[in-house]
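Nothing here was measured: the structure is a model prediction, and the numbers come from that model. The analysis underlying the following values was restricted to heavy atoms, covering all of them including side chains, and did not include hydrogens, waters or symmetry mates.
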Protein chains: 2
Amino acid sequence: MLSAAEQVSRSVHSLGAGLPSRDARLAYRSGKVGVTAGVAPGYVQGNLAVVPEKLAASFHRFCQLNPKPCPIIGMSEVGDPRIPALGIDLDIRTDIPRYRVWRDGQLSEEPTDIMAHWRDDLVAFVIGCSFSFEEALIADGLKIRHIEEKRNVPMYRTNVPCASAGPFAGPMVVSMRPFKPAEAIRAIQITTRFPAVHGAPVHIDKPELIGIKDIAKPDYGDAVSIQPDEMPVFWACGVTPQSVILQSRPAFAITHAPGFMLVTDVRNSEFSIQ
Amino acid sequence: MLSAAEQVSRSVHSLGAGLPSRDARLAYRSGKVGVTAGVAPGYVQGNLAVVPEKLAASFHRFCQLNPKPCPIIGMSEVGDPRIPALGIDLDIRTDIPRYRVWRDGQLSEEPTDIMAHWRDDLVAFVIGCSFSFEEALIADGLKIRHIEEKRNVPMYRTNVPCASAGPFAGPMVVSMRPFKPAEAIRAIQITTRFPAVHGAPVHIDKPELIGIKDIAKPDYGDAVSIQPDEMPVFWACGVTPQSVILQSRPAFAITHAPGFMLVTDVRNSEFSIQ
């Protein structure tokens, strides 16, 4: 969670018009629809989770207890659709290209805005996404297999339990990227610098040790090729909070639709601790 | 290699008598003999390599080209047995408990001082040693298998060639410590902070990829147990420069005897870049 001071300092970045991230949000706000992969390179994208106030404290505590899968990079006031820390003019109700509205844990709609669904008791959480550290890995010369193969990142439900809070409990979901050993070491060094976007891997190699039975059958996303001289490297995944919310079957919740992320005005480099 | 400024600033640490490191050197100087494992905890220990001036430039270049196995932490002037960067009163001729004198690449003596062997054309190189980062790993709660099993660290000749310089060429030697995956990730993070003492691992798991045929048969040191839920983690090893020197069959060289290291007044924490 960003401090008020950080929110102000970050907002300063966001005042100027013509930021590619802001332009993207304005386009989505005015009806454009599309996945956000590759949109506004260099700017942080986030996962959205919106829950009613009576669940927000528990969900906030859940994220606090599980910072690797659930790094909060922005949070709204109750009923307030703005998150100035992530963009001075950002409106969480309109700025994501596609949403998912959940009722009693079941998907009810996939609208392109949530003006009609917003309520005075809703709290929006924005959670860091691996796009940020993938950009840092690519900038260092590493190749990301699922990007090379034009697929979604493979994700797996593990047997590693998250710390529970109120109704929110469940296993950690991880994303997987295969690397040669020396590349894996470098990837660990680079992603360690990005704790706000999942940080260092939680596991390397030996998928069975975290309850993954078949690496070729991800629970979310697509399988990717793994060469004999490579090892799977596993990062805590932002799908975790979403899967945990839905498992708790809340009367009402809103998330982004997979691949349709919130594009923010925060630069990826701002999340590097070195 | 330390800058003059660093040498001065580090020497300041060394002025005070009663440093456990200095006391250890004084004891060795006055004839005490023993391995240095566990001596003066918190202080850097180093590998010694002494070569004639006509080889020193090539050896210095070899270390420069291969900083992971050959991190130079101190170096003498030609013919000068002092290295104030590592201890204001340090005398390289007397302060190591046991030396090895090599002639034409063959071991000729194992004296407890080299007063009779010192020459005006000799240059002493001190190379970082993994004791420093092992202390940081232990301080973080990790267990070092060969220490737990009271053995020497297992070391292996790899098929990874060092960059050659003059007569100095040969494969990298690595040390191995087994860890569970999450521990291996933590060990990579911690040792990355210590580039002056080999830094991050050079390889993890899959020994065959670096030419290690049988992990149970190290080329130096002792085998240690590896559990099914563990992976071998490999660090560049300070034995590399010694093996490369001896392979080049120099007319004359001096090294420390294995396990009998140079104890310096530099604190391990001084070598942490964070």
Side-chain angles (χ1 to χ4, degrees), chain A residues 66-69 133 136-137 140 142 156 158-163 171-172 174-195 198-212 215 226-236 272-274, chain B residues 66-69 133 136-137 140 142 156 158-162 171-172 174-195 198-212 215 226-237 272-274:
Chain A
N66 301 283
K68 294 206 83 169
F133 75 65
L137 295 174
D140 202 70
L142 295 175
Y156 306 84
T158 69
N159 62 7
V160 181
C162 293
M172 184 187 297
V174 294
S175 61
M176 187 281 285
R177 294 158 190 82
F179 288 110
K180 292 183 167 63
E183 297 171 335
I185 291 166
R186 185 63 185 140
I188 289 166
Q189 293 176 310
I190 291 168
T191 55
T192 294
R193 303 202 310 255
F194 291 90
H198 304 306
V202 292
H203 189 71
I204 45 177
D205 209 17
K206 303 183 186 291
E208 69 280 5
L209 292 181
I210 55 172
I212 297 173
I215 198 75
I226 304 177
Q227 303 308 316
D229 61 349
E230 296 178 327
M231 57 180 56
V233 182
F234 300 93
W235 279 267
S272 174
I273 59 172
Q274 288 175 50
Chain B
N66 301 283
K68 292 207 84 167
F133 74 66
L137 295 173
D140 201 70
L142 296 174
Y156 306 84
T158 69
N159 63 5
V160 180
C162 293
M172 184 187 297
V174 294
S175 62
M176 187 281 286
R177 295 157 189 83
F179 289 108
K180 292 182 168 62
E183 297 171 335
I185 291 166
R186 186 62 185 142
I188 290 166
Q189 294 177 309
I190 292 169
T191 54
T192 293
R193 303 202 311 253
F194 292 90
H198 305 305
V202 292
H203 189 70
I204 46 177
D205 210 14
K206 303 182 187 292
E208 67 282 3
L209 293 182
I210 55 172
I212 298 173
I215 198 75
I226 304 178
Q227 303 308 316
D229 61 350
E230 296 178 327
M231 56 180 56
V233 182
F234 299 94
W235 279 267
C237 179
S272 173
I273 59 171
Q274 288 175 49

Not counting sequence neighbours, which residues clear side chain to side chain contact (heavy atoms under 4.5 Å, CB included) with A/Pro195? List them please.
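A/Ile273.
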Less than 4.5 Å to any heavy atom of chain A: does that hold for the side chain of B/Ile185, its backbone, both, or neither?
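Contact with chain A: backbone and side chain both.
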Part of B/Ile204 within contact of chain A (heavy atom distance under 4.5 Å)
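For B/Ile204, the contact with chain A is made by backbone and side chain together.
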Quick check for you: among B/Pro201, B/Ala182, B/Ala184, which has the greatest number of heavy-atom pairs under 4.5 Å with chain A?
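Among the listed options, the one with the most contacts to chain A is B/Pro201.
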Please tabulate the donor-acceptor pairs under 3.5 angstrom that span chain B and chain A, backbone and side chains included.
from: B/Gln189; atom 1: NE2; to: A/Thr192; atom 2: OG1; distance (Å): 2.9
from: B/Thr192; atom 1: OG1; to: A/Gln189; atom 2: NE2; distance (Å): 2.9
from: B/Lys206; atom 1: NZ; to: A/Pro228; atom 2: O; distance (Å): 3.4
from: B/Lys206; atom 1: NZ; to: A/Glu230; atom 2: O; distance (Å): 3.3
from: B/Pro228; atom 1: O; to: A/Lys206; atom 2: NZ; distance (Å): 3.4
from: B/Glu230; atom 1: O; to: A/Lys206; atom 2: NZ; distance (Å): 3.3

